[in-house]
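Here is the structure we will look at.
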Amino acid sequence: MLFNREPSVIEGARFGRLTVQHISGKTPYYTKIWQCICDCGSVRNVQQGALTTGRTQSCGCLQRERVTTHGMTNTPEFKVWRGMLNRIFHPKPRDLQNYADRGISVSDEWKDSFEVFYRDMGPRPSPKHSIERIDNDKGYCKENCKWATAPEQHANKRTNVVIELEGTRLISSEWSRLLGGRAALVRQRLQHGWPVERALTTPSRRALKEKLNVTTA
């Protein structure tokens, strides 16, 4: 059954390999579904948002070509690439605030080609490495990404508090480890307005108590 053919600028437009023919339905949330014809001749119904955001650019033949030409479908690097695309173009609800809602994107070069992604990133150094954005406010591209371990990525989180003392800049957890303290205690002290040096160097009550016990034993 053909749904009401209301006029729209999207009709007749091209998105990747797809040419929009006419509206063919709507989702329960009133998102338009368009009948499209692919360059390979296949017909496919696609939601309007998938077309306009670039998530769907063919009937599926484009992805099949990408997968079969490079022969790396089962490699860790390919899985990282697919995971990156899924976070941006097919996000789970919990991922929206960290990616789509912040405008995080993938460069056209990487979005359209695993081969280019692999050329730019190179082999994953070890199973402990994953892709990291150097500047968390920018998207996935050659200039802003590198392989990093979990501790390295933790040190680059947006929520980290960077503290400078005597010309050295470290996050609070690194200062805490360096000085034998606890990260949570350092953060709590800073939140209560303690001066940086005092927050980092003052022993905890527990440490003082243990030291006192050792001294008087």
Minimal heavy-atom distance between Cys145 and Ile134, with the atoms involved, is N-CD1, 4.1 Å
Assess the residue pair Arg82 and Phe114 against the criterion (side chain to side chain contact (heavy atoms under 4.5 Å, CB included)); give the C-alpha distance rounded to whole Å, side-chain angles, the decisive distance to 0.1 Å, and a yes or no. CA-CA 9 Å; Arg82 286 296 299 272; Phe114 166 73; over 6 Å; no
Could I get the full list of ring-ring contact (aromatic ring centres under 6.0 Å, His included) partners for Trp110, not counting sequence neighbours? Phe117
Measure the OG-CZ distance between Ser58 and Arg44 for me, rounded to the nearest 0.5 Å. 7.0 Å
Let me confirm one number: the CZ-OG1 distance from Phe89 to Thr56, rounded to the nearest 0.5 Å. 10.5 Å
If two hydrophobic side chains count as joined below 4.5 Å and joins carry through other members, does Ile131 share a cluster with Ile104? yes
Under a single-linkage definition using a 4.5 Å side-chain heavy-atom cutoff for Ile, Leu, Val, Met, Phe, Trp and Tyr, are Val46 and Ile37 assigned to the same hydrophobic cluster? no
For the student: nearest non-hydrogen atoms of Asn144 and Gly139, plus distance: ND2-O, 3.0 Å
Working to the nearest 0.5 Å, report the span between CD of Glu115 and CG of Asp120. 11.5 Å
Rounded to the nearest 0.5 Å, the CG atom of Leu51 sits from the CD atom of Gln57 at a distance of 10.0 Å
What one should report as the nearest heavy-atom pair of Gly122 and Trp147 is O-NE1, 3.2 Å
Any chain of hydrophobic side-chain contacts (each under 4.5 Å) joining Ile10 to Leu18? yes
For the student: nearest non-hydrogen atoms of Ser107 and Cys141, plus distance: CB-CB, 3.9 Å
Taking the side chain as everything from C-beta on, heavy atoms only, tell me whether Ser105 gets closer than 4.5 Å to Tyr99. no
CZ-CD1 distance between Arg55 and Ile88, expressed to the nearest 0.5 angstrom: 12.0 Å
If you look at every heavy atom in Trp81 and Lys111, which pair is closest and at what distance? CZ2-O, 3.9 Å
Look only at the side chain of Ser24 and the backbone of Ile33, and say whether a donor-acceptor pair between them is shorter than 3.5 Å. yes
Inter-residue atom distance Met84.CE - Arg133.CZ, 0.5 Å rounding: 11.0 Å
Non-neighbouring partners of Arg14 that pass salt bridge (Lys or Arg N to Asp or Glu O under 4.0 Å), sequence neighbours left out: Asp39
Between Met72 and Glu77, the two heavy atoms sitting closest are CE-OE1, 4.4 Å
Please check if Val80 and Phe78 belong to a single hydrophobic cluster, counting links between Ile, Leu, Val, Met, Phe, Trp and Tyr side chain heavy atoms closer than 4.5 Å. yes
Where the side chain of Gln48 meets the backbone of Thr31, is there a donor-acceptor pair that is under 3.5 Å apart? no
